[in-house]
Chemist: 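What follows is a single structure, and I will ask about it in a moment.
A quick note: this is a predicted structure, and the numbers were derived from the prediction, not measured.
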Amino acid sequence: MARIDKIEVVEKEILWADRKRILGMPISFTRYSIDEERLYVKKGLLRTELNEILLYRILDVRSTQTLWQRIFGVGTLTLYSADQSCPQLLLKNIKRPEKLHRYLSDVIEKNRQSKGIAGREIVGMAAMRPGPMPDHDHPENLPDDLPEPPEDCGCHEEQ
């Protein structure tokens, strides 16, 4: 049996990284990053929590900006995924949300193509979880009553 300190972990290139911003400044302890295959959310200072989602499992991306977020140049991305433990993930108060929305959509699609996964296979995986499915042909028609993720998944932050 191999000791854990002997296991070699290959670090992947980070394609995008940012922090949750407060008043437009990156002074929080919530960090977001994307590599070739995964999106990571790391929260906390003394007690840290790391959550990851495989990119090909992300079904839809929605970006929103309140007036205050627009003033400070930030916004929120909501990711809907086929992940059973965290079907909805918020990337709150990130810089240039529209640009990241387009970039993330492209990275997700390239990731699916490289793995040979068709969109209908992903929708089929998500259909196994309870609750309404988003309409992928019209992302603006997403239902507002999507099921809430379990409280312990770390997907949502306190308001």
Chemist: What residues form a side-chain hydrogen bond (donor to acceptor under 3.5 Å, both in side chains) with Arg21, not counting sequence neighbours?
Modeler: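 For Arg21 the side-chain hydrogen bond (donor to acceptor under 3.5 Å, both in side chains) partners, ignoring immediate neighbours, are Asp18.
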Chemist: Got Ile108 and Val61 here, is their nearest side-chain heavy-atom distance under 4.5 Å?
Modeler: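 Touching, per the 4.5 Å side-chain cut-off.
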Chemist: Looking at Leu54, is its backbone amide N or carbonyl O close enough to the side chain of Glu37 to form a donor-acceptor pair, meaning the two atoms are under 3.5 Å apart?
Modeler: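 Side chain of Glu37 to backbone of Leu54: no pair is present.
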Chemist: Using the test side-chain hydrogen bond (donor to acceptor under 3.5 Å, both in side chains), find all partners of Glu98 that sit at least two apart in sequence or belong to another chain.
Modeler: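 In terms of side-chain hydrogen bond (donor to acceptor under 3.5 Å, both in side chains), with neighbours along the sequence ignored, Glu98 is linked to no residue.
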Chemist: What's the separation between atom CD in Glu36 and atom CD1 in Ile14, rounded to the nearest 0.5 Å?
Modeler: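 Spacing of CD (Glu36) from CD1 (Ile14) equals 9.5 Å.
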Chemist: Below 4.5 Å, heavy atoms only, C-beta onward: do Phe29 and Arg31 meet side chain to side chain?
Modeler: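 Yes, side chains in contact.
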Chemist: Could you state the interatomic distance from CD1 (Ile58) to CD (Glu109), rounded to the nearest 0.5 Å?
Modeler: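 That separation rounds to 12.0 Å.
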Chemist: Within the 4.5 Å heavy-atom criterion, are Asp35 and Tyr40 side-chain neighbours or not?
Modeler: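 With C-beta onward as the side chain, the pair touches.
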Chemist: Can you name the residues that form a salt bridge (Lys or Arg N to Asp or Glu O under 4.0 Å) with Lys95, not counting sequence neighbours?
Modeler: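 Salt bridge (Lys or Arg N to Asp or Glu O under 4.0 Å) check on Lys95 returns nothing, list empty.
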Chemist: As a quick check of understanding, evaluate side-chain hydrogen bond (donor to acceptor under 3.5 Å, both in side chains) for Gln69 and Asn93, giving each step before the final call.
Modeler: CA-CA 7 Å; Gln69 285 178 319; Asn93 295 335; 2.7 Å; yes
Chemist: Could you tell me whether a side-chain N or O of Ser81 sits under 3.5 Å from a main-chain N or O of Cys86, the two making a donor and an acceptor?
Modeler: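 Present.
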Chemist: Output all residues satisfying side-chain hydrogen bond (donor to acceptor under 3.5 Å, both in side chains) with Arg38, sequence neighbours left out; order by chain, then residue number.
Modeler: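 Glu52.
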Chemist: Can you name the nearest heavy-atom pair linking Pro97 to Leu77, along with the distance?
Modeler: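 The pair with the smallest heavy-atom distance is O-CD2, 3.8 Å.
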Chemist: What's the separation between atom CE in Met25 and atom CZ in Phe72, rounded to the nearest 0.5 Å?
Modeler: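 That separation rounds to 8.5 Å.
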Chemist: What residues form a side chain to side chain contact (heavy atoms under 4.5 Å, CB included) with Lys110, not counting sequence neighbours?
Modeler: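 If we apply the side chain to side chain contact (heavy atoms under 4.5 Å, CB included) test to Lys110, skipping adjacent residues, there are no hits.
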Chemist: Which residues, ordered by chain and number, are linked to Val10 in its hydrophobic cluster, where ILVMFWY side chains connect at heavy-atom gaps below 4.5 Å, directly or through other members?
Modeler: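 Noted: Val10 shares its cluster with no other residue.
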Chemist: Is it true that a side-chain atom of Ser28 and a backbone atom of Lys20 form a donor plus acceptor pair closer than 3.5 Å?
Modeler: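 Side chain of Ser28 to backbone of Lys20, a donor-acceptor pair under 3.5 Å: yes, one is there.
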Chemist: Report the distance from atom NE2 of His101 to atom OG1 of Thr78, rounding to the nearest 0.5 Å.
Modeler: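 Here the interatomic distance stands at 10.0 Å.
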Chemist: Are any non-hydrogen side-chain atoms of Tyr32 and Leu39 less than 4.5 angstrom apart?
Modeler: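 No, side chains not in contact.
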Chemist: Is there a side-chain contact between Leu79 and Ile53, using heavy atoms and a 4.5 Å cut-off?
Modeler: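 With C-beta onward as the side chain, the pair stays apart.
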